[in-house]
Each structure stands twice: as C-alpha cells, then as structure tokens.
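These notes concern the structure reproduced below.
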Amino acid sequence: MVNLSLVLDGMELTLNDIGEDELIRRLMRGVRLDAEVVLGAGDDCAVVRTACEGSHLVLKTDAMVGDVHFTLEMPAELVGRKAIARVISDFAAMGATPRHALITLVAPGRTEVKWLEDVYRGMRRVADEYGINLVGGETCRGNQIVLSISMTGTVSVDRILRRDGARVGDAIIVTGRLGGSLQGRHLTFEPRLAEGVWLAGRREVHAVMDISDGLAKDLPRMAVAAGLEFVIDEDSLPCGHGCSTSQAWSDGEDYELLMAVNAADVPNLMMGWNAVFASTSLSPIGFFVAPGQGVKPSLRGGRRDHFAAGSTENA
C-alpha cells in the first residue's frame, strides 16, 4: 500500500497518522460557505437552499475502490448495486429523496468489458428500484478500478435529519441487526430510505446517521457532533446471525440507521415504527450523556478507519 503523506502545520504526517476524520477537518479548514449552504462537510450529505419553495437540494458523492471495497471475484452486478445503494443509505440518514446520479469509472485497460457491463446492470437495477436517474458521468484509465457516484436529491426544509442534534438523556436507537457484513450482506443490504423519510416526520427524533464504518466509529461521531458522550448497554446490541456483540460493535458496513430519540417518546416511536416497518427491528441500546459522564465500552474490536495502516474494508 502506498504510504501517502501530507505536510501539515509544518510537520510531515501520513494519512495513517491522522485518520479520516482529522484529514477532513484539516482539508476543510478555512473553507468559506455562503448563506445558501444549510449543511456542509461533516454530515451524511450536504444540503443547500434553492429557489424551489419547501425543499432543499441534497448532494452526496461516494467512491468504491477495487481491492478495498470489493474484489473482481465478487458478483459484478452486486458490486454495482452496492455502489449506488450505499449513497442511497446516506440520503436515508438525511430523510431525503435521491433523484439523479452521475457515475465516474476509473479502470485499467485490461479490465474485462463484460464485468463492467454487469456492474452497470446492477447499478441500473437498484437505481430503477429507488426511482433514481443515471444521467451520465465520466470514464478514464487508471491503475485500479474505482466507481465514484455523485447523487443529488431533495429534502423538505422542515424535515432535515442531521447527526448533530442529540441531547442529554436522548435514547440511542439502531435499526436492524449489526455485524457480519462480510458474510455477504454488504453487497445485498436494503437502504433504509423509506424508514429515513418516516423518521424525518417524527419530532422526537433529534439526530440520525447511517452506520457505514461500524457503530464503534459512527456512534462517537454522533456524540462528538453534539458535544456529548454516551453510555451503551452492550447486551442490548442487536447482533446479526452468528455474530458476537464485539462484531456488532465494530464490523461496519451495516448500512443501518443510528438515531437519538427523546427517551420519553421511545415507546410511541416504536409503536408507530412497528405498525409500518414490522419486518425491521428498532433497538434502544443506550443514552447520550453530558461530557465527562460517558462510559467507554468494554467490547473488543478496533474502530475502522480508511487510512489506518494496512486497512481494507471488504477485500
């Protein structure tokens, strides 16, 4: 693996040294956003104002890299499906509706055309399923395959879900089951898009994000965004089939939703949820607490980071 480096603050540091979150913070330092921007870097999607009354424009870009997020041995249609579905998952976390997508393909000249055609077939199928138009993109030669998706959509101005709204005492709730994604679910998961839109209409829901890098990394992100800490009940983690609580905590690529909910309203939320999404579980796993009152989980399993030394996701 190439050891990329940056010269930051007068000292040479590698990406392995600082990790993804710190890299984004440094690269976005000094970026000025005008009044049209509702949400910029730091949430699942960016949100900007438009002339369309009642809705905002939602933007997201995401990339999958060969031998990091997928291998050529995986079913090509499912690789293509995943490339689109993981962006839909980000829209779900915002309570937004995706509408249009651009695809950038980077590939070596030796890449089999049939494999790429199957990838795009998988993209088209999931795009059709969720009402998304694949409107174009770019292709270029490179040393490895990269599939980059840029997607736009809309969200109601008064129904934006964001990750920084948790409050002291809020219950921490997750959808579905966690862990064991490498057994194949990372290619076949269903984005919680309808669920996200439903949650956006519930005033007791204070914050939402999707779980892509694992609960061990994404839950602290939500807490930090709100300036809070958290306490979890490790035994309450909804484990995937055959998975341990440690796997549920740290495996990643679950693409479930993580939320902060007014604790007093949890019973009503769950009653309403079960009436609409009976096949998908909703599990309270802990609470957000004031700074200094959090308890570090005893669960094993590292927090995944794209730039950790030797790190891969599914390859």
Side-chain angles (χ1 to χ4, degrees), residues 19-21 44 60 62-93 119 122-123 125-126 129-130 145-147 149 163 172-196 208-222 232 234-259 277 279-283 285 297 299-308 310-315:
E20 179 187 9
D21 291 344
D44 288 273
K60 176 65 181 181
D62 188 82
M64 295 209 321
V65 181
D67 294 327
V68 176
H69 303 90
F70 65 89
T71 67
L72 293 179
E73 287 70 39
M74 294 176 180
E77 284 195 32
L78 292 184
V79 170
R81 181 189 187 281
K82 177 180 177 180
I84 298 292
R86 51 193 263 150
V87 186
I88 298 174
S89 182
D90 285 313
F91 274 73
V119 167
M123 289 183 179
R125 286 180 175 174
V126 71
E129 179 182 351
Y130 285 90
I145 297 175
V146 178
L147 300 168
I149 310 298
R163 67 174 59 174
I172 302 168
I173 298 180
V174 296
T175 65
R177 299 194 171 275
L178 309 178
S181 63
L182 290 185
Q183 298 172 9
R185 186 163 50 84
H186 72 99
L187 293 172
T188 60
F189 70 91
E190 292 293 340
R192 303 298 187 191
L193 189 63
E195 292 89 337
V208 178
M209 66 182 294
D210 83 326
I211 306 173
S212 55
D213 290 331
L215 193 61
K217 188 163 187 178
D218 289 330
L219 177 54
R221 280 174 169 161
M222 180 177 279
I232 64 168
E234 298 174 9
D235 293 333
S236 70
L237 293 181
C239 301
H241 179 70
C243 291
S244 66
T245 53
S246 291
Q247 288 175 296
W249 174 244
S250 63
D251 271 6
E253 299 244 8
D254 298 298
Y255 300 103
E256 295 292 348
L257 296 179
L258 165 68
M259 66 195 83
F277 305 109
S279 62
T280 302
S281 62
L282 205 61
S283 303
I285 63 170
L299 296 167
R300 296 181 179 181
R303 291 169 54 180
R304 300 166 35 170
D305 193 292
H306 296 291
F307 297 118
S311 174
T312 60
E313 293 192 27
N314 286 310

Distance-only donor-acceptor check, side chains Glu256 and Thr175, under 3.5 Å
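Yes - a donor-acceptor pair under 3.5 Å links their side chains.
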For the residue pair Asp210 and Ser89, confirm or rule out a side-chain donor-acceptor distance under 3.5 Å.
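Yes, side-chain donor-acceptor contact under 3.5 Å.
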Heavy-atom closest pair, residues [X] and [Y]:
X	Y	result
Ile211	Leu258	CG1-CB, 3.8 Å
Met64	His69	CA-ND1, 3.4 Å
Pro297	Ile232	CG-CD1, 4.0 Å
Asp213	Asp218	N-OD2, 3.0 Å
Phe70	Ile145	CZ-CG2, 3.8 Å
Ala92	Arg192	CB-O, 3.2 Å

Residues in salt bridge (charged side-chain N to carboxylate O under 4.0 Å, His left out) with Arg185, at least two apart?
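Salt bridge (charged side-chain N to carboxylate O under 4.0 Å, His left out) list for Arg185, sorted by chain: Asp254.
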Please list, chain by chain and in numerical order, all residues satisfying salt bridge (charged side-chain N to carboxylate O under 4.0 Å, His left out) with Glu190, sequence neighbours excluded.
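Checked Glu190 against salt bridge (charged side-chain N to carboxylate O under 4.0 Å, His left out); matches are Arg81.
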Evaluate the side-chain proximity of [Y] to [X]: yes if any heavy-atom separation is below 4.5 Å, no if none is.
X	Y	answer
Leu282	Phe277	no
Leu72	Asp67	no
Gln247	Cys239	no

Using modelled atom types and a 3.5 Å cut-off, is there a donor and acceptor pairing between side-chain atoms of Ser281 and backbone atoms of Gly176?
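Between the backbone of Gly176 and the side chain of Ser281 there is a qualifying donor-acceptor contact (under 3.5 Å).
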Main-chain N/O of Ser246 paired to Ser250 side chain as donor or acceptor, under 3.5 Å
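Yes, Ser250 side chain to Ser246 backbone: donor-acceptor pair under 3.5 Å.
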How far apart are the C-alpha atoms of His241 and Gln183, what are their side-chain angles, what is the distance that settles it, and do they pass the side-chain contact (heavy atoms from CB on, under 4.5 Å) test?
CA-CA 10 Å; His241 179 70; Gln183 298 172 9; 5.6 Å; no
Between Arg163 and Asp44, does any side-chain N to carboxylate O distance fall below 4.0 Å?
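Salt bridge: yes.
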Derivation and outcome, side-chain contact (heavy atoms from CB on, under 4.5 Å), residues Leu219 and Val174
CA-CA 10 Å; Leu219 177 54; Val174 296; over 6 Å; no
Under the ring pair (Phe, Tyr, Trp, His ring centres under 6.0 Å) test, which residues partner Phe189, sequence neighbours left out?
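Once residues adjacent in sequence are excluded, the partners of Phe189 under the ring pair (Phe, Tyr, Trp, His ring centres under 6.0 Å) criterion are Tyr255.
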